[in-house]
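Please read the structure below before turning to the comments.
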Amino acid sequence: MFNPGEFVNALLDPNQKPPDNLIIRGQPAGRRFAVYRNNVVAGLSEVLATGFPVLAKLLGNEFFAAMATIYVRQHPPHSPILTHFGLLMPEFLTSFPPVQKYPYLPDVARLELALRRSCHAADSKPMGSDILAAMSEHEIENARIELAPAVIQLRSAYPIHNIYMANMQNRELVHTSSEDVLILRRQFDPEPLRHDSGGFCFIDSIERNLSLAAATAAARAVEPQFDLTKMLSLLLSHNAIVGLHRSNTAHDDG
Amino acid sequence: MTLPAAPGVGFKSRHFESVVNAPGSVKWLEIHAENFMGEGGRQLAQLRKLREVFPISCHGVGLSIGGQAPLDQEHLRRLRYLVDWLEPASFSEHLAWSTHEGHYLADLLPLPYTTKTLRHVCTHIDEVQEALGCPMLLENPSAYLEFADAEMDEIEFLSNVVKQTGCGLLLDVNNVHVSAINRHFDGAAYIRNFPLEHVGEIHLGGHEQDEDCVDDILLIDNHAAPVADPVWKLFDLVIEKAGALPTLIEWDSKIPEWSILVAEANRAAGILQREQIAAA
C-alpha cells in the first residue's frame, strides 16, 4: 500500500529507511531514494540562500547551507508559493545554539524578509508632489496620507542598516549604535534607508491613520529636530505616498 | 490562442530585455504559475508586457495532482485568478505529488500506478479543468525508482487518465530518457507506445549523471544543462511520428545567457521545420 506519510517522514529524516515498497529492478531502492531527499533539501536551501543573501554572507555559504538543511527539515514550507519562504528564520536564529554569539542575526533576517515583502507588495500609483504644493501649510498639517504597500519600517537594537549595506557593498562596518530602517520602493527595487527614532514614530503614526500634524507632534516628542518637510519630500521622491485625505475639521485628532 | 508548433523557452526575469528585443526562433514562453502569484513587483509587470507579444504557457508545479489528499482549494483559487487575467494558451501540471498534510515539499514526488491512484488523479484533473474552464495537459515524470505495488505501467496509466478526463498530455522527452536509463527500459519503445495524438506540448531539458553511482548509471533531471544528444534523438523520433508540436527548452537552474537558450531553440526549430516541410 502506498503511504505518503511514511514517504514524507523518510524524506525529511535521513535516519529513517525508505519505505519498503520502493524498489529498483526488483531490489530495494536504497540510494535512489536519496535523490528525492536531496532534491527537497537542496532545492529549499537554495531558496533560503537566495532570500537571505546577507545572512548567507555573514555566516559563510557552507555554514549557511548546513543551517538551511536543519531549517528546511524543521520548518518545511506550508505553501507552494516560495516567495516568502523562511518566515520563521528570525525565531530559528534566536534559538539556534551555534549562532548565539551573534545576537543581531535575527534582525538581519527580519530586514531581509521585509525587503522581500516590499519587493512583492502590490504596485501602486504614486501621488504627485503638485497636490501638496497647491495646499496651504494648515491644510497639509490636517491631512492624512496613505503610504504605498511596499513601505515597511523596522526597529532594531543593532546597527542593522550598516550591517546590511556593508555586506551588500563590500565595505567596512563603521556604525555601532542601534538603527531603525525604512524600506521604500521607487518602482521595483526596495531601498533600505537609515531611519531615526523620530522618523520611525512618524511613519508609525501615519500607519495608525493619524493626521500629519499629530504624526509630527508624536515624532517631535522623541526627536525634537524632526523635520516634516524633509520627511514628505523623501516619501514623495520615492513614490511612497499613494493618497491624501483632507480633513473636514481643523482639529479632529484632538 | 494556442501554442504554435514552434520552440518556446521557460521565461526568467533576467532575460526580459533579450526576450523582447531578440527573440530569435523563440515563438512562445512558459512560466511557472507559482512564481506569479504575488501582489506586485517586477516579474508581474514583465509578464503583463510579455503576454501582449507572446503566447504564454502556464505550467504549475504545486497542485499535487498525484496526491491522495483533496486539492488545496486556496491554491486552486489563486491559479484560477492567474489564468483568468493571463489567458494563457495552455495550462499544464505534473503526474506527481508535492504536498502532504499542509507541507509543501518542493519536489515532484512519484506515485504508484494503481486503480486507486488513477481514481485520485482523474478526480483532481476533473476539478482543475472545471475550475479553469479549459482542458489541461498532464506531464510524464522522471523516475529514479519503482513501486512494488504498481498495477499498470506509465503509458497505460496516462492513457486511462486521458480517456477518463479528456485532458491532453505534455510529453517531457528528457524525462523519458532519464527514466529509461534509470529503470533500464527502451526510451524509443516508450515513445512508439505513447498516445502521441493527445500530446499538446513537448519539454526538452537537461540532466546530469550522478557521479557516485559508477556501477549503476543514475541520471538526475536537473534542468541545469543543455539538452543531451540521446534526448535530441528521441525528440526526432517523436516529431517524425507526431508531426511538429510546441516544444519547450527548459532550463531552471544555473541559468545561462539568452544566446545559449536561443541556440537550443534553433536546434529544436530545425527539427520541427524539417517535419513541416516534409508534411507540406
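Numbered from 1 within each chain, the chains take letters A, B, ... in sequence-line order.
Within the 4.5 Å cutoff, the side chain of A:Ser79 has no heavy atoms near those of the B:His75 side chain. Within the 4.5 Å cutoff, the side chain of A:Ile24 has heavy atoms near those of the B:Arg183 side chain. Contact annotation: the side chain of B:Leu44 never approaches that of A:His120 to less than 4.5 Å [non-hydrogen atoms, C-beta and beyond]. Side-chain contact between A:Ile23 and B:Phe147 is absent, with no heavy atoms from C-beta onward closer than 4.5 Å. Here the side chains of B:Gln43 and A:Phe188 are not in contact, with every heavy-atom distance at 4.5 Å or above.
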Side-chain atoms of residues 44-70 of chain A: list all donor-acceptor pairs with protein atoms under 3.5 Å, sequence neighbours left out, distances to 0.1 Å.
residue : atom : partner  : partner atom : Å
A:Ser45 : OG   : A:Val41  : O            : 2.6
A:Thr50 : OG1  : A:Glu46  : O            : 2.8
A:Lys57 : NZ   : A:Asn167 : O            : 2.5
A:Lys57 : NZ   : A:Asn170 : OD1          : 2.6
A:Thr69 : OG1  : A:Ala65  : O            : 2.9

Give every donor-acceptor pair under 3.5 Å between a side-chain atom in residues 236-245 of chain A and any protein atom, sequence neighbours left out.
residue  : atom : partner  : partner atom : Å
A:Ser237 : OG   : A:Ser233 : O            : 3.0
A:Ser237 : OG   : A:Leu234 : O            : 2.9
A:His238 : ND1  : A:Leu234 : O            : 3.0
A:His238 : NE2  : A:Arg186 : NH2          : 3.1
A:Asn239 : ND2  : A:Arg186 : O            : 2.8
A:His245 : NE2  : A:Glu146 : OE1          : 3.1

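Open room surrounds CD on B:Glu257; 12 or fewer heavy atoms of other groups in view lie less than 6.0 Å from it. No more than 12 heavy atoms of other residues, nucleotides or ligands sit less than 6.0 Å from atom CD of B:Glu74.
Residue A:Gly26 comes nearest to B:Glu146 through the heavy atom pair N-OE1, 4.5 Å, listed as atom of the first residue, atom of the second, then distance. When all heavy atoms are compared, the tightest approach of A:Phe2 to B:Asp149 is N-OD2, 3.4 Å.
Taking 4.5 Å as the heavy-atom cut-off, the residues of residues 100-110 of chain B that approach chain A are B:His100, B:Gly102, B:His103, B:Tyr104, B:Leu105, B:Ala106, B:Asp107, B:Leu108, B:Leu109, B:Pro110, ordered by number.
The part of A:Ala29 that comes within reach of chain B is its side chain, from C-beta onward, which places non-hydrogen atoms under 4.5 angstrom from that chain. When heavy atoms are compared at a cutoff of 4.5 Å, B:Ile220 approaches chain A solely by way of its side chain, counted from C-beta outward. There is no contact between B:Asn35 and chain A, counting heavy-atom distances below 4.5 Å.
Side-chain N or O atoms of A:Arg32 include one that pairs as donor or acceptor with a backbone N or O of B:Tyr144 at under 3.5 Å.
Using a 4.0 Å cut-off between a side-chain N of Lys or Arg and a carboxylate O of Asp or Glu, B:Asp216 and A:Arg25 qualify as a salt bridge.
The most heavy-atom pairs under 4.5 Å with chain A, out of B:Ala143, B:Gly38, B:Pro112, come from B:Pro112. In terms of non-hydrogen atom pairs under 4.5 Å with chain B, the most contact-rich of A:Ala122, A:Pro18, A:Pro19, A:Ser118 is A:Ala122. Contacts with chain A were tallied for B:Asn222, B:Leu63, B:Asn182; B:Asn182 has the most, counting heavy-atom pairs under 4.5 Å. For the set A:Phe85, A:Phe33, A:Phe7, the entry with the most heavy-atom pairs within less than 4.5 Å of chain B is A:Phe7.
Interatomic distance, A:Arg117 CZ to B:Glu39 CD, rounded to the nearest 0.5 Å: 11.5 Å.
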Just do the salt bridge (charged side-chain N to carboxylate O under 4.0 Å, His left out) check on B:Arg42 and A:Asp123 with the steps written out, would you? CA-CA 9 Å; B:Arg42 175 176 281 120; A:Asp123 306 320; over 6 Å; no
Using side-chain contact (heavy atoms from CB on, under 4.5 Å), reason through A:Thr83 and B:Glu34 one step at a time and then give a plain yes or no. CA-CA 9 Å; A:Thr83 317; B:Glu34 283 73 10; over 6 Å; no
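The side chain to side chain donor-acceptor pair (under 3.5 Å) test applied to B:Thr115 returns B:Glu151, not counting sequence neighbours.
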